[in-house]
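Report on the structure given below.
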Amino acid sequence: MKKFYLFLIFSLIITPAIFTQSFRILSFEEDLSDLSAVTAARVDVNDQKCAIIKVYTNLDGLFFETRLGIEGDVFKKTGEYWIYISPREKMLKIIKSGYIPLEYSIDFNIEESKVYKMTLTGGSLSGQAEVSGNVTEFVVINTQPEGAQVFINDKLKGVSPLSIPLSVGNYNCRLEKALHKVEEFDFVVEAGNTLRIEKNLTELDIFGKITVVSNIEAQIYIDNEYVGDRYYEGKLIEGLHVVKIQAENFKTYTKELLIIANKEYVVDKMLDPKLGVISVQSEPLGASIFIDGEFVGTTPKFVRDVFVGSRELSIEKVGYATHRENITVEYDKTKEFVFKLRPASRFIISTEPEGAELYINNVLIGQTPFEFDLDYTKHNKIKIVKHGYHTIYDEFPAHSELKSKSYNLEKLALVNNTRLASSDNDKSTTNRRSRSNREDRTIIGWSLSGLNSRPGGVQSSIYGNFGDASQYAIFCDVGYQFNNYDNSYIDGIVNFPRFSFGGGYNIWLGDFAVIEGFIAYGREYASGLNWEIYDIWDFAPDMVYTKCYKAGVRAAVRISPHAELFGAYNLNFTDGPAFDVYGDQAEVNGVRYNYQTLFPDRNGENWEIGIRFVVH
């Protein structure tokens with residue numbers, strides 16, 4: 001009897017262990033082709049876009065937990081679970097009755113709006129392979145092209161590419177995709193192996209080839225779907241199709257084509273321009289009509305076949321002022337224009353000596369002697385200019401009867417010429433000196449310097465000057481410093497790399513010295529952080545950064561043709577949030593920190609001294 005009780009107790013102890021199941025993760029990876037996290041997005045409590053873990057499995061009744069919490073309900077489909085998680089999640093716990101709970105550690109960074117695929121199955125802890133009909137394995141079916149419907153034993157299971165768990169046994173599969181031949185085959189699922197099936201689908205022999213060509217940059221549409229500009233080549237299923245070619249200011253071309261399989265079709269069309277009509281009348285009659293400089297007849301006239309759009313219309317008649325106007329021609333419409341020309345006559349202006357510039361109403365029209373049409377209906381102003389001579393100003397009143405006029409130009413006095421030449425020489429000398437100084441000023445350079453205080457350390461810059469006198473400057477700084485901190489937040493050595501971009505204004509003292517005022521904007525990073533307050537669940541950042549600003553004055557003196565010594569006084573500002581590598585404000589133990597709180601001495605002034613090598 002005692003032996004019986006011992007056997008009973010032993011059986012009660014080992015039976016749960018024999019029949020307890022364990023989870024088996026076959027794969028876990030990012031699915032680059034899945035956009036579900038974008039099209040069916042959720043956000044977490046920090047308003048960050050969630051990632052999705054899609055669990056493909058043959059197991060039912062699963063429950064899931066994460067350290068940062070699951071956002072919303074788990075979405076369940078046949079053989080599939082969707083779990084919305086926060087970015088930077090590091091653990092997924094899987095629970096099922098009769099199974100040992102699995103805490104799966106995620107060994108890479110989970111990113112927002114990304115989809116990750118996990119393939120999960122289960123098995124006995126005893127290590128004995130199951131041979132009953134309950135043993136399942138995954139079958140992965142890929143097709144080229146993708147998107148084929150997958151039928152297994154005449155039941156639709158999904159669309160390729162497809163991963164599905166099936167019990168061990170024999171199956172029939174049928175692949176169907178529009179415009180492709182049906183592919184049917186048998187396969188066997190064996191215990192212990194994931195079956196991968198690759199199939200290339202064959203297109204139905206129902207396509208014809210079409211080529212569409214246009215003489216201009218026109219848009220091409222087939223069955224009202226845009227397919228390209230000016231040239232298109234492709235395949236169409238046999239049947240009736242509509243080809244359309246259209247372009248602005250051209251007539252749209254439309255053609256119906258009956259496509260037959262294995263035949264080629266070419267549509268090569270020169271589009272006809274859209275044309276309009278204008279009616280042109282003038283007073284007096286008989287004026288010449290020019291459109292975009294081309295003679296098209298005399299008034300009155302209906303001018304047909306004019307390209308639509310903006311055109312220049314000119315009306316000319318001897319004895320009258322030319323009328324020019326920009327007009328808009330509209331398709332399949334007639335626009336009417338009536339002009340009353342102003343009287344004008346030929347007028348000749350000559351000078352002694354010849355070759356003077358002639359201005360009418362402040363518009364240069366040519367050099368003397370010059371013959372032109374003068375509008376007598378208005379008051380006209382004349383100006384005649386020639387180097388070395390006095391400028392002449394004259395006026396012709398409205399309705400003047402003059403037909404020509406000649407002017408004798410008067411030379412400038414010799415003393416004036418001498419003074420003018422002397423002045424020109426002085427200016428030329430000054431300009432040469434100024435130009436020489438400007439040519440010797442720095443155009444581009446590179447510097448290396450040291451700075452005291454915090455922020456300080458070492459710094460390197462690349463900069464360039466521009467402007468007529470090299471008075472403007474742009475530059476890029478990079479620097480580095482390390483300091484030891486021992487405060488309520490950070491304990492240990494902290495590295496401070498930084499960079500900034502800026503601009504400045506230069507005041508040159510000849511070509512050998514310069515005083516520069518500048519401002520800059522950039523970032524300062526703090527890396528290698530050893531936090532005093534830290535909890536394993538916080539995932540405290542080991543690097544933070546903030547925005548930084550800098551303003552100051554720099555003086556430089558040239559010590560050789562291509563080297564300068566300089567010193568600078570800088571004001572530095574780094575007051576703002578401390579951001580982690582994800583662009584979020586740094587948070588530890590539920591507290592968000594500013595950069596100035598962690599590193600209170602990163603603001604303030606410092607002195608800089610260094611050398612820079614220049615090209616001028």
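- The side-chain hydrogen bond (donor to acceptor under 3.5 Å, both in side chains) test with E203 is passed by exactly one of K235, K177, K181: K235.
- R602 and N483 share a donor-acceptor pair across their side chains, judged by distance under 3.5 Å alone.
- Under the 3.5 Å distance criterion, with hydrogens and angles disregarded, no donor-acceptor pair is assigned to the side chains of E183 and N200.
- Between atom OG1 of residue T143 and atom CG of residue L162 there is a gap of 10.0 Å, rounded to the nearest 0.5 Å.
- There is no side-chain donor-acceptor pair under 3.5 Å between D186 and N170.
- The closest side-chain donor-acceptor pair between Y221 and Q219, if any, does not fall under 3.5 angstrom.
- Taking both residues in full, the closest heavy atoms of T66 and I85 are given as CG2-CG2, 3.9 Å, listed atom of the first, atom of the second, then distance.
- Using a cutoff of 4.0 Å between basic side-chain nitrogens and carboxylate oxygens, E184 and R174 are not scored as salt-bridged.
- Within 6.0 Å of the CD atom in E225, the count of heavy atoms belonging to other residues, nucleotides or ligands does not exceed 12.
- In this structure, the ring of F499 has its center no less than 6.0 angstrom from the ring center of Y545.
- The six-membered or imidazole ring of F599 lies near that of F496, with a centre-to-centre distance under 6.0 Å.
- Two residues are said to be in side-chain contact when any heavy atoms from C-beta on lie closer than 4.5 Å; F518 and K550 meet this criterion.
- Closest heavy-atom contact between V494 and Y485: CG2-CD1, 4.0 Å.
- The side-chain tip of K547 does not point at the ring of Y521 from less than 6.0 angstrom away and within 45° of straight on.
- Nearest heavy atom pair, residue K49 against residue E112, reads O-CB, 2.9 Å.
- Here the side chains of I25 and Y104 are in contact, with some heavy-atom distance below 4.5 Å.
- Put simply, the side chain of L35 does not reach to within 4.5 Å of the side chain of V115, judged on heavy atoms.
- Using a 4.5 Å cut-off on side-chain heavy atoms (C-beta onward), L120 and Y56 make no contact.
- Between T574 and T546, the side chains place no donor N or O within less than 3.5 Å of an acceptor N or O (distance only, hydrogens not considered).
- Salt-bridge annotation for R612 and E516: present, with a side-chain N of the basic residue lying under 4.0 Å from a carboxylate O of the acidic one.
- In summary, the side chains of S449 and E608 do present a donor paired with an acceptor at a separation below 3.5 Å, with no hydrogens or angles considered.
- Here the side chains of V55 and I94 are not in contact, with every heavy-atom distance at 4.5 Å or above.
- In this structure the side chain of Y593 never reaches within 4.5 angstrom of the side chain of Y595, judged on heavy atoms.
- Here the straight-line distance linking atom CD of E65 with atom CD1 of I70 works out to 7.5 Å at 0.5 Å rounding.
- A salt bridge does not link E71 to R42: none of the charged side-chain nitrogens sits closer than 4.0 Å to a carboxylate oxygen.
- Environment of NZ in K76: crowded, with over 12 heavy atoms of neighbouring residues, nucleotides or ligands closer than 6.0 Å.
- Taking the six-membered ring wherever Trp is involved, the centroid distance between the rings of Y472 and Y505 falls below 6.0 Å.
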Test side-chain hydrogen bond (donor to acceptor under 3.5 Å, both in side chains) applied to D580 and Q585, step by step:
CA-CA 6 Å; D580 61 18; Q585 188 171 358; over 6 Å; no
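- N506 and Q471 are not linked by any side-chain donor-acceptor pair at a separation below 3.5 angstrom, with hydrogens and angles left out of the test.
- Interatomic distance, L236 CG to I222 CD1, rounded to the nearest 0.5 Å: 5.0 Å.
- The shortest side-chain heavy-atom distance between V140 and T194 falls under the 4.5 Å cut-off.
- Not less than 6.0 angstrom separates the ring centroid of Y525 from the ring centroid of Y480.
- Side-chain atoms of D229 and Y226 include a donor-acceptor pair closer than 3.5 Å.
- Salt bridge status for D34 with K117: absent, with no side-chain N to carboxylate O gap under 4.0 Å.
- Neither side chain, R554 nor Y569, offers a donor N or O lying under 3.5 Å from an acceptor on the other.
- At a threshold of 4.5 Å between non-hydrogen side-chain atoms, the residues R523 and R498 do not count as touching.
- N153 and N172 form no side-chain donor-acceptor contact under 3.5 Å, judged by distance and modelled atom types alone.
- The two residues Y81 and L59 have their closest heavy-atom pair at OH-O, 3.6 Å.
- Judged by distance alone, the side chains of N530 and D491 never bring a donor and an acceptor atom under 3.5 Å apart.
- The shortest heavy-atom contact between S461 and Q459 is OG-NE2, 4.0 Å.
- The two residues E89 and I110 make their nearest non-hydrogen contact at O-CG1, 3.5 Å.
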